[in-house]
*Asks:* 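I have a structure I would like to understand better, so I am pasting it below and will then ask my questions one at a time.
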Amino acid sequence: MAMTSLNISLPQQLKSYVEFQVADGEYGTPSEYVRELIRRDKQAQLARLEKSLLKALDSGSIRITTKELAGRPLLELLEEKLSERPRKRQKK
């Protein structure tokens, strides 16, 4: 994967914390540590999105059977279902 740079400013206390994490040996560089935090954040956001989508499914406004879901990404199927729903007309 091609890499690019992103410069960030941190208060000394956070900089020291990142440096400690690297010195502790779990991460080779501050960049590895920051990349890991970003990956974790992405996973957490995806989990929140999935929870919201499942809540919408539970509301009954969209129905998906396990047969429909078999072997398909949930987001793809939801997009398809949403495009099939009649759109409410906006009042003028």
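Just so it is clear, the model here is predicted, and its values are computed rather than measured. Residue numbers count from 1 along this sequence.
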*Asks:* Take M3 and R35, measure what side chain to side chain contact (heavy atoms under 4.5 Å, CB included) needs, and give me the verdict at the end.
*Replies:* CA-CA 11 Å; M3 295 286 187; R35 283 192 294 269; 4.2 Å; yes
*Asks:* Determine the minimum heavy-atom distance between L77 and R72, stating which atoms define it.
*Replies:*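 Minimum heavy-atom separation between L77 and R72: CD1-NH1, 3.1 Å.
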*Asks:* What closest approach, in Å, do P30 and V18 show between heavy atoms, and which atom pair accounts for it?
*Replies:*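 Scanning both residues completely, I find the closest heavy atoms to be CB-CG1, 3.8 Å.
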*Asks:* Could you check whether atom CD of E50 has more than 12 heavy atoms from other residues, nucleotides or ligands sitting under 6.0 Å from it?
*Replies:*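 Atom CD in E50 is not packed in, count stays at 12 or less.
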*Asks:* Is there a continuous path of hydrophobic side-chain contacts, each under 4.5 Å between heavy atoms, that joins I8 to L37?
*Replies:*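 Same cluster: I8 reaches L37 through Ile, Leu, Val, Met, Phe, Trp or Tyr contacts under 4.5 Å.
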*Asks:* For V34, which fellow cluster members are found when Ile, Leu, Val, Met, Phe, Trp and Tyr are connected by side-chain heavy-atom distances below 4.5 angstrom, either directly or through intermediates?
*Replies:*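 Via sub-4.5 Å side-chain contacts, V34 links to I38.
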*Asks:* If we ignore angles and hydrogens, is there a donor and acceptor under 3.5 Å between the side chains of Q21 and Y17?
*Replies:*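 Yes, because at least one side-chain N or O of Q21 sits under 3.5 Å from a partner of the opposite role on Y17.
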*Asks:* Pick out which of Q12, E19, Q13 makes a side chain to side chain donor-acceptor pair (under 3.5 Å) with K15.
*Replies:*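 It is E19, the one option of Q12, E19, Q13 that forms the side chain to side chain donor-acceptor pair (under 3.5 Å) with K15.
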*Asks:* Count I, L, V, M, F, W, Y as connected when their side-chain heavy atoms are under 4.5 Å apart, and connections chain through other members. Are L69 and L46 then in the same cluster?
*Replies:*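 Hydrophobic grouping puts L69 apart from L46.
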